[in-house]
Amino acid sequence: MALQSPYSADNQKLHDLVEELADQLCPAVDGQFDFSVKVSSHDESIDKLQMLVNLVLDSASRAVQELRGTKDYTENIIRSMIDMLLVVAPDGNIVTANEATCKLLGYRHQELIGHPASMLFCEEDISGAIRPQEAMLHKPGLPSCLAGEGSSGNVETTLRAKSGEEISVLLSDSTMLDGHGQFGGVVCIARDTTESRRLQAERERFNRVIQQSLNEIYIFDSETLHFVDVNYGARKNLGYSMAELREMTPLSLKPEFTAELFAELVKPLRSRTVQKIQFDTIHQRKNGSQYPVEVHLQLTDDHSPMFVAIILDIAERKAAETLLVEAKAVAESASAAKSDFLANMSHEIRTPMTAILGFAENMLDVEQSDSERLNCVHTIRRNGEYLLCLINDILDLSKIEAGEMVAECRDCHPCRVIAEVASLMRVPAAAKGLLLNIEYTGAIPETIPSDSTRLRQILINLIGNAIKFTETGTIRLVTSLVGSDDKPYLQFDVIDTGRGLTESQANKLFQPFMQADTSTTRKFGGTGLGLTISKRFAELLGGDVVISETELGVGSTFRATVATCRLDGMRMLDDPLSATTVPDAPVSVAQESQSDLQGFRILLVEDNRTNQALIVGMLKKVGADVSVEENGRLALDRVLASMQRTSGGHSQPPFDLILMDMQMPVMDGYKATGALRKEGYTGPIIALTANAMQGDGEECLQAGCDDYATKPIDRKKLIELIRRNAQLCPSQHGTISTGRC
């Protein structure tokens with residue numbers, strides 16, 4: 001701007017010129033320096049003053065511009081900071097807060113400026129009645145510098161967001177001083193550590209998992225191979241401390257590894273042709289013991305690569321694999337044995353069946369004499385009984401394997417059982433020209449608590465086996481009392497002069513379906529189950545069956561033991577041989593009266609025509625009146641009709657007894673029996689079942705039957721069963737008592 005002064009440049013007017021100059025300088029008071037002062041004057045002093053003022057204005061303008069640039073620069077820095085920035089005045093209020101602070105805490109800028117900084121910390125508000133320095137000094141948890149105590153380094157603390165959420169931060173603060181050296185406020189810089197804390201917690205958790213893992217984890221230098229870190233699972237298994245392991249390499253744990261072998265092993269990893277290699281090896285513990293391991297080895301990709309090995313202890317897996325191999329061998333052996341058994345059984349079953357079918361066909365020959373036909377009958381019966389023995393052996397083993405065989409321990413007379421077995425087995429022994437001698441060593445108890453049926457079967461099997469494999473000489477059964485007073489046993493030694501056994505034959509002899517030689521089945525017959533069954537029976541009786549002695553070509557001694565109870569107060573037989581007699585044989589059917597069931601009405605429910613004819617013929621020979629139905633439905637209808645006629649005053653009575661086959665078409669015996677009992681039939685029902693497994697008889701009784709008989713039918717036993725069940729209450733129409741009362 002240019003001013004035209006009306007005054008001359010004389011000293012009297014200097015005062016007025018200065019006042020005019022001062023008026024022109026008024027904009028500078030507001031910080032505006034972008035103008036110049038010009039006063040028209042002919043006075044040299046005024047010109048000099050004007051020049052001086054303009055120099056001052058120019059210098060001030062440059063200073064203001066620099067200051068403005070610095071302020072913008074500083075504001076840009078504060079605005080672009082990723083960390084929080086707070087400036088707190090001496091009165092405790094916020095004077096500056098950057099965008100990072102607003103974003104993290106959820107406040108708008110105007111909600112922070114001029115408000116107390118204490119609202120951001122997770123403590124109670126500061127009272128405004130106390131000077132800020134003193135208030136903050138009494139504020140627990142606030143940074144120490146807020147109380148004017150200087151600066152603090154990084155401090156872990158918690159800020160409260162506008163939403164109430166607590167945010168973990170790393171806080172650094174410092175005190176500002178004013179121009180007089182007095183407390184001028186606090187500058188706080190904070191960094192959100194929520195994510196870093198989460199990541200740190202995850203890393204720590206991961207490290208704990210690694211350290212506590214039962215798998216062994218090793219990190220070792222790729223050049224020196226020295227261990228850098230080894231987890232707790234590995235240290236515990238090896239028995240070394242971390243300090244000891246840092247002086248060791250993987251070669252220290254692998255006895256079979258050399259440096260050259262290891263270098264060759266990891267060459268693909270070093271060349272980066274593979275990412276991981278896997279192999280099995282052996283680790284050696286500090287105590288010298290060794291264990292098999294599976295190694296998974298990798299090489300890290302960082303600038304200082306490390307080998308990372310994850311080791312699996314595979315001792316249990318190796319043991320399991322060994323067991324599987326052994327189990328497979330056993331299974332294959334068992335499969336082969338069963339194949340041999342089936343082949344042998346095919347031969348054994350077909351042999352008597354050939355005789356049965358062949359001699360049955362011969363009986364149809366009209367040119368056969370009566371004596372020849374009688375011989376055919378005896379042959380058929382003999383082979384049928386042998387066939388039944390084969391089936392019984394198979395069923396016995398099935399029951400034992402299923403755990404369904406139980407011992408019925410009652411008073412058992414050992415000497416009587418031995419006498420019965422001797423009487424029975426002397427017949428086949430004499431047929432081969434062999435002697436069967438019974439001997440006792442010392443006194444034995446008169447009775448023991450045991451299962452006489454199972455004991456008898458054990459002795460028959462052992463003596464029968466000895467007879468089978470002995471061509472000349474003597475079979476001896478030697479009985480003695482052995483064991484201690486607390487655990488006494490009866491011991492039975494069956495001694496033969498037969499073929500004897502090799503060690504290999506003896507080792508497999510008690511396995512099911514196994515025989516000393518597969519050719520013995522064809523030469524001597526049998527299932528290969530007798531010794532197995534005898535051993536299991538002896539175990540049921542608290543003892544065992546073993547081969548006591550054997551010598552090839554000389555003979556064998558098979559020893560059976562059964563447990564007794566304590567012998568205190570028990571009668572002992574000093575001369576068992578003379579004190580034992582064989583009980584009288586049961587009365588045969590031929591001696592029974594053919595009119596034992598005279599007039600007794602029986603309903604036979606059986607679907608098989610051959611069995612119908614057989615059973616009807618048996619019963620009619622002893623005087624029974626037999627009717628037949630071929631399934632449960634027809635039998636149910638007939639019995640109910642008979643009951644209605646009887647209740648209606650007709651003379652025809654209901655049946656005195658029902659023989660009920662349990663497996664039939666249309667309606668089986670179980671359902672038919674249940675229906676009869678439900679309709680009020682109280683007469684005796686005897687089940688006929690071809691099932692001879694444990695529990696089958698009980699199932700028949702549960703269905704409502706009074707008793708049961710197993711097929712094939714034994715004539716004597718069936719007639720005795722009928723007579724026993726017929727004597728439940730007095731008869732109303734015959735000499736035999738009938739049914740339920």
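Judged by distance alone, with hydrogens and angles left aside, the side-chain atoms of Arg715 form no donor-acceptor pair with the main-chain N or O of Ile615 at under 3.5 Å. In terms of modelled atom types and a separation under 3.5 Å, the side chain of Thr470 and the main chain of Ala466 share a donor-acceptor contact.
We find the CD-CG distance between Glu372 and Asn375 to be 8.0 Å, quoted to the nearest 0.5 Å. In this structure, OG1 on Thr379 lies 4.5 Å from CZ on Phe359, to the nearest 0.5 angstrom. Separating the NZ atom in Lys432 from the OG1 atom in Thr472 is a distance of 9.5 Å, to the nearest 0.5 Å. Rounding to the nearest 0.5 angstrom, the gap separating the CZ atom in Phe558 from the OG atom in Ser534 is 10.0 Å. Atoms OG1 and CD, on Thr479 and Gln491 in that order, are 9.0 Å from each other to the nearest 0.5 Å. Separating the CZ atom in Phe655 from the OG atom in Ser642 is a distance of 5.5 Å, to the nearest 0.5 Å.
Side-chain contact between Leu531 and Asn461 is absent, with no heavy-atom pair separated by less than 4.5 Å. Side chains of Leu688 and Ile713 form a contact here, defined as non-hydrogen atoms less than 4.5 Å apart. Between Lys535 and Asp544, some side-chain heavy-atom pair lies under the 4.5 Å cut-off. For the pair Leu721/Ile719, no side-chain contact is recorded, criterion being any heavy-atom separation below 4.5 Å from C-beta on. Using a 4.5 Å cut-off on side-chain heavy atoms (C-beta onward), Arg454 and Leu540 make no contact. Using a 4.5 Å cut-off on side-chain heavy atoms (C-beta onward), Leu455 and Phe492 make contact. Residues Ile686 and Asn725 form a side-chain contact, since some pair of their non-hydrogen atoms from C-beta on lies under 4.5 Å apart. Counting heavy atoms from C-beta on, the side chains of Gln368 and Asn362 come closer than 4.5 Å.
Smallest separation of non-hydrogen atoms from Asp574 and Ala443: OD1-CB, 3.6 Å. Closest of all the heavy-atom pairs between Ala687 and Met662 is CB-SD, 3.6 Å. Minimum heavy-atom separation, Gly632 to Val605: N-CG1, 4.2 Å. Here the closest heavy-atom approach between residue Leu603 and residue Val628 is recorded as CD1-N, 4.2 Å. Ala560 approaches Leu462 most closely through the heavy-atom pair CB-CD1, 3.8 Å.
Not counting sequence neighbours, Glu679 has no partner by the salt bridge (charged side-chain N to carboxylate O under 4.0 Å, His left out) test.
Among Leu614, Val616, Val622, the one residue that satisfies the side chain to side chain contact (heavy atoms under 4.5 Å, CB included) test with Met618 is Leu614. Under the side chain to side chain contact (heavy atoms under 4.5 Å, CB included) test applied with Cys705, the options Thr673, Ile658, Thr689 reduce to a single match, Thr673.
Under the 4.0 Å criterion applied to side-chain N and carboxylate O atoms, Arg499 and Glu471 are not assigned as salt-bridge partners. Taking the charged nitrogens against the carboxylate oxygens, Asp706 and Arg677 do have a contact shorter than 4.0 Å, which makes a salt bridge. Salt bridge status for Asp496 with Arg476: absent, with no side-chain N to carboxylate O gap under 4.0 Å. Between Arg559 and Asp493 there is a salt bridge, since at least one side-chain N of the basic residue sits less than 4.0 Å from a carboxylate O of the acidic one.
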What's the verdict on side-chain hydrogen bond (donor to acceptor under 3.5 Å, both in side chains) for Glu439 and Asn437, showing C-alpha distance, side-chain angles and the deciding distance? CA-CA 6 Å; Glu439 305 172 21; Asn437 293 338; 4.8 Å; no
- Test side chain to side chain contact (heavy atoms under 4.5 Å, CB included) on Leu657 and Ile722 and set out the steps. CA-CA 8 Å; Leu657 183 140; Ile722 293 172; 4.2 Å; yes
task = Check step by step if side-chain hydrogen bond (donor to acceptor under 3.5 Å, both in side chains) holds for Ser556 and Thr550.
result = CA-CA 4 Å; Ser556 303; Thr550 186; 2.8 Å; yes
**Report entry** Stepwise side chain to side chain contact (heavy atoms under 4.5 Å, CB included) test for Leu481 and Met572
**Finding:** CA-CA 11 Å; Leu481 182 65; Met572 302 295 292; 3.8 Å; yes
key: Trace of the side chain to side chain contact (heavy atoms under 4.5 Å, CB included) decision for Glu606 with Leu659   = CA-CA 8 Å; Glu606 167 67 64; Leu659 294 177; over 6 Å; no
Which is it for Met664 and Glu630 under the side chain to side chain contact (heavy atoms under 4.5 Å, CB included) test, yes or no, and what are the steps along the way?
CA-CA 8 Å; Met664 295 179 291; Glu630 61 184 21; over 6 Å; no
